[in-house]
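Computed from heavy atoms alone, side chains included, the values below leave out hydrogens, waters and symmetry copies. The chains referred to below are lettered A, B, ... by the order of the sequence lines, with proteins before strands, and numbering in each begins at 1. Everything quoted here is computed from the prediction, not taken from an experiment.
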Amino acid sequence: MSQTKQVEEKWLALWEAACVFEADPNPAKQKIMVTFPFPYMNGPLHVGHAFSASRVDVYARFKRMQGYNVLWPWSWHWTGQPLLGASQRVARGDQEYIRVLREVDGVPEEHLQKFVDPKYMAQYYTNEGKNAAKHIGFSVDWRREFTTVWPTFQKFIEWQYKNLREQGYVTRGTHPVVWCPKDKSPTGDHDRQSGEGVTPEQYTLIKYKLVDKNVILPAATFRPETIYGITNIWINPDATYVEATVNSSEIWVISQEAAEKLKEQEKIVVVNRVFKGRELVGKTFENPLTHETFPILPGWFIDTKVATGIVFSVPAHAPFDWLALRDLQLKPEVMGDFGVDPQVVLQIKPVSIIKVDGFGKYPAIEIVEQMDIKDQQDPKANQATKELYKKEFHSGKLEANCGVYVGKSIREVKDQLIGDFGKLGISDVMYDLAESVVCRCMTPCVVKILSDQWFLNYSDSKWKDKTKEVIAQMKIYPETARTSFYATTDWLKEWACARTTGFGTPLPWSEGWIIETLSDSTVYMAFYTINKHINQSNISPEALIPEVFDYIYHGKGNQTQISKTTGITGELLEAMRKEFLYWYPFDLRNSAKELVPNHLSFCIFHHAALFPPEHWPKGIGVNGMLMVEGQGMHKSKGNFITLKSAINKYGADATRCGLMIGAEGMDDPDWRADNANDLKNKFESLKSFVNNIIASGKQSENTALERWLQSKMQYRIREVTESLDELKTRTALQTALFEVWNDLRWYIQRKGSINTVALVEAVKVWIKMLAPFAPYMCEEMWSQAGEESFVSTAYWPKFDENKLDFAAEEQEKLIIDMLTDTQNILKATKITPKRFVFYTAATWKWQIYLKILEKTSTGEAKISELMKEFSNNTELKPCMKDIAVLVPKIIKAATKLSSNRKANMIKIQKIDEKQAIQNALNFLKDRFNAEVNVYSEDDKNRYDPKNRASIAIPYQPAIYIE
RNA sequence: GCGGAGGUCGCCCAGCAUGGUCAAAGGCGUAGGACUGAGGCUCCUAUCCUGCAGAGGUUCGUGGGUUCAAAUCCCACCCUCCGCACCA
């Protein structure tokens, strides 16, 4: 076992033995409750989970060290269909899938065989997940754990839905879904062989009538407004159509495919006879709106797989229609084949109904000519159609021949028009898929309208308003994500909240329906607060009647009474109520940004509905999606990294930091194996760096250098603390790890040794600041520093203004600036130096320097005024000539200083530059590998062959290099 | 299409709210040096261009504008990423 592994095992065991992360209510302490959306258990935890969850853990550990009573509970999501689907694939012997389980997930053979049982599979991944979560060092209180199929949890969900329904948030209706006729279930993206992302599209069917016959030709369109511009109907003469009785009342002519599809869309379709499309060519039909009549023409471009296979023609506005018509008009004799008079075709004139900017009367004809489209087969025809439809939709206005809709833009009138036509009984609705979708079982999918579907009515405007109130009072990390929450709240509509298959909690009032995944995971954070008691006291699910939850969560009902009916003791009821009141609401829930439009928003909606304002969520964190080596992580791409494998390879600390250093805010972090490996190595050297210091730090010194170090550490403490408070985990880690390390290195270089107590103190602060990120390593170092307690519960360092030392900072800055300047000169001159001489500014120059600082920090520094002031000073009067040169130089230097720094410089007045440089002499000699001298400009006997000293100004000693 | 987030010096990224302290932090990479038997690791130095004295020049998606002054403010444009539903 590697050393890293040993350290991890050791501290994991010690934490568990000491129950460090088990949190119980403690009125004397302020609480923080943090949560992470429970992961779905159809696979192992991966580094993507670890990224979002590590942010939670870092925050939890930080707050715990700050003295808060921190609760971080965790659970497992089993609800839904994919677990069943996965297990079926194993049962079916799907080799590709089994290979992935074996090689990517690393499932051992003896378990793999038992995956035919979905619950076994889920339990396997749950066990694995818990192990990984523990090893990565998440500071979780495991006593509150559950899975969503536990009957006790399901009682909670039943209570939740009973409550929602009583408030009228659960409604019933119909809903179109992509449907597998073989599986008899909705086919989500996960269940598809092909056609990912394809959704049902709604067509309007205009019910044209065959003249003199009681037969309807339902022509499908996305643009029902074009009914006013119709000139004919297209039928594919070679395709198969049927005449069918629909809903026992009407006779429809539709394509054979359409007849099957409509059967799934709440229509009773009885096929009476089957025939070829050519039979209809030449017949006339009537527009149900205007009662005008038009002919049916042959259109070979009509695809009967799309919608009804009947299309009405609007040649003025549809490029395809125009092209088809033009082709026919060029060869009208074709009509003879159908026994139709060619005149029928030649008489057709396009009817203009939409005025659109940039086009004349017949946009379709114009665009066909502009783009030089030859015929229906020309690929440019599709492009032209898209372009024109878009233009007409956005800027088109309906013309005078469009009835009551005249002058309206299509965008504003479309929905109204569809509704009107429906009411008039001249239209119907059909759904179809824009691209083919094939189920994993290889069956092509269709659209099915689910009737009696249960919905959560997120359209309810009162619910939306209340949800916005919740958002308004919430802290959102980062703040920029707030707009997406508001946008989502506005945009959410009815959500189908139940389905007929998969794991989950049955709807208590409607048999056969199971509450779906995203709907049973909205307020379960409240369940954590009491599940400790349910687990420990073995409360039976039967006892968890709604009144119990009403009492705990809403303080309703009589405790004695409830105790009597359920057998739960009054004490226990009281304890659960108190536990809920202590912990709730949660202070942070963090997840990836893809959950904003669904899970996280649902969570807010449901809290708004079920809890009073004092229990509304306090904070939600959103982060980017983890990338792996610059690409999205997918099992199929072969770049899937399980948490377990990352820990094994890099260790928990390096994995955590590799993730945290990637990004913060909404940016997508990028996991790079090189980085993780690099961090692993860095931590090795960090440990020996720290151990050496701890072992040798015996000298208690207090020079400017120690004061500088202490001062510097204060700034680091402040930055790390403030960053963590804003969940800026990347900034915090970068400062805590790299910036502090650089500070310590500088100190050591300057000091030339590591044996000071001050350095040990700084290192201890460092360990504490790193502890939330790399807890194992820090516990180890902490104990090696002689500390008995856990660093996990040590006090977080506090920024202390009194420990700042501006003078020490300025002295150090002086040395650094001098070094930079000197190196700059060396670079420019390319000389090989034998000797360096530094000259600090004469005392009288300080008067001038400080005066100018004061002037520039309060307002503008005018040279003339300054000169006057200086000449009044008897002390300065003799050197007015030098002053005249000096003043502009100093003013220029002063403009480069921040106002903060200026204020500090004024506060400390003059620093002893010569002494400061003298103290650094050994360091400088070492650095330059040459002789180094320092003089003050005031020194009469200085070595100064080029009279450099005269150009020295405060904070900018003159330099002479031989 | 709708909604959201972004484009910074080889790469990852900080800065932008409150314009000047920004040639722009930090990490990675690269080069040189130290250490080592050698390598890895580690440590030091450099890393936009020019410059024989601490300086100058050109940069922050593109093009305009405001201002004494813009990576930061305004306008237009181009490009990238994410979500769009019954599915976790």
Base, sugar-phosphate alone, or nothing: which one does A/L826 contact when heavy atoms must sit under 4.0 Å apart?
nothing
A/T517 vs A/P957, nearer the 5' end of RNA chain B by closest nucleotide
A/P957
Sole residue of A/K712, A/Q734, A/E719 in side-chain contact (heavy atoms from CB on, under 4.5 Å) with A/E739:
A/Q734
From CG of A/N824 over to C1' of B/C52, roughly how many Å is that when rounded to an integer?
13 Å
Please tabulate, one pair per line, each protein N/O and nucleotide N/O from nucleotides 14-20 of chain B that are separated by under 3.5 Å, including the distance.
residue	atom	partner	partner atom	Å
B/A14	OP1	A/D667	OD2	3.3

Check whether any side-chain N or O of A/T148 sits under 3.5 Å from a backbone N or O of A/W78 as a donor-acceptor pair, and report yes or no.
yes
With rounding to the closest Å, how many angstrom separate the C1' atoms on B/G15 and B/G26?
12 Å
Is there a side-chain polar atom (N or O) of A/Q823 under 4.0 Å from OP1 or OP2 of B/A46?
yes
Using atom P in both nucleotides, what's the gap between B/G33 and B/G40 to the nearest angstrom?
13 Å
Under 4.0 Å from OP1 or OP2 of B/A25: is there any side-chain N or O of A/N742 that close?
no
Say we look at B/U67 and B/A46: how far apart would their P atoms be, to the nearest angstrom?
41 Å
With a 4.5 Å limit on heavy-atom distance, are the side chains of A/Q202 and A/P176 in contact?
no
Watson-Crick or G-U wobble partner of B/G26, both distances under 3.5 Å:
B/C12
A/F38 and A/Y524: aromatic ring centres closer than 6.0 Å?
yes
Can you check the A/L686 CG to B/G27 P distance for me, whole Å?
14 Å
Mark yes or no: A/R656 above the aromatic ring of A/F773, with NZ or CZ under 6.0 Å from the six-membered ring centre and no more than 45 degrees from the axis.
no
Gap in Å between the two P atoms, one belonging to B/C28 and one to B/G7, rounded
23 Å
Partners passing ring-ring contact (aromatic ring centres under 6.0 Å, His included) against A/F806 (at least two apart in sequence or in another chain):
none
If the C1' atom of B/A38 is compared with that of B/G51, how far apart are they to the nearest Å?
41 Å
B/A71 versus B/C13 - spacing of their C1' atoms, nearest Å:
14 Å
Check: A/F640 ring centre within less than 6.0 Å of A/H46 ring centre:
yes
Let me spell it out: for each of A/R927 and A/D670, pick the nucleotide of RNA chain B with the closest heavy atom. Which residue's pick is nearer the 5' end?
A/D670
A/Y458 and A/Y169 aromatic centres sub-6.0 Å:
no
G-U wobble or Watson-Crick pairing nucleotide for B/C2 (cut-off 3.5 Å, both distances)
B/G83
Is there a Watson-Crick or G-U wobble partner for B/C43 with both distances under 3.5 Å, and which nucleotide is it?
B/G33
Quick one: which of B/A5, B/G3, B/G54 gets closest to the side chain of A/T483?
B/A5
Do A/M818 and A/I917 have side chains that approach each other closer than 4.5 Å (heavy atoms only, starting at C-beta)?
yes
Interface polar pairs with nucleotides 82-85 of chain B, N/O, under 3.5 angstrom:
residue	atom	partner	partner atom	Å
B/A85	N6	A/K493	NZ	3.2

Options B/G4, B/C11, B/A53, nucleotide nearest the side-chain atoms of A/R672:
B/C11
Under the side chain to side chain contact (heavy atoms under 4.5 Å, CB included) rule, collect the residues that match up with A/P118, sequence neighbours excluded.
A/L84, A/S87, A/F503
If you only use heavy atoms from C-beta on, which nucleotide in B/C86, B/A53, B/A25 is closest to the side chain of A/E739?
B/A25
Just N and O in the side chain of A/T488: are any of them under 4.0 Å from OP1 or OP2 of B/G3?
no
Which base, if any, makes a Watson-Crick or G-U wobble pair with B/G19, both distances under 3.5 Å?
none
Could I get a table of every N or O pair under 3.5 Å where one atom is in the protein and the other is in nucleotides 56-58 of chain B?
none

Output yes when a side-chain donor or acceptor of A/S685 lies under 3.5 Å from a complementary backbone atom of A/K682, and no otherwise.
yes
Aromatic centroids of A/Y389 and A/F222 separated by under 6.0 Å:
no
P spacing across the pair B/U59 / B/A70, given as an integer number of angstrom:
11 Å
Minimum-distance nucleotide to A/Y960 side chain [options: B/A53, B/U45, B/G4]
B/A53
Would you indicate what A/A958 reaches in the nucleic acid, counting non-hydrogen atoms under 4.0 angstrom: base, sugar-phosphate, or nothing?
base
Any side-chain heavy-atom pair of A/L679 and A/Y650 under 4.5 Å
no
Would you say A/E913's side chain and A/Y955's backbone share a donor-acceptor pair under 3.5 angstrom?
yes
Main-chain N/O of A/M627 paired to A/D668 side chain as donor or acceptor, under 3.5 Å:
no
Give me the distance, rounded to whole Å, that separates B/C82 from B/C16 when you measure between the P atoms they each carry.
27 Å
A/F738 side chain: which of B/A46, B/G27, B/G6 is closest?
B/G27
Testing the basics here: between A/P37 and A/S591, what is the closest heavy-atom pair and its distance to 0.1 Å?
CG-CB, 3.6 Å
Among the nucleotides B/G4, B/G54, B/C11, whichever has the atom closest to the side chain of A/I951 is B/G54
What nucleic acid atoms does A/I661 come within less than 4.0 Å of, heavy atoms only: base, sugar-phosphate, or nothing?
nothing
Which base, if any, makes a Watson-Crick or G-U wobble pair with B/A76, both distances under 3.5 Å?
B/U62
Considering only nitrogen or oxygen atoms on both sides, find all protein atoms under 3.5 Å from nucleotides 40-42 of chain B and state each distance.
none

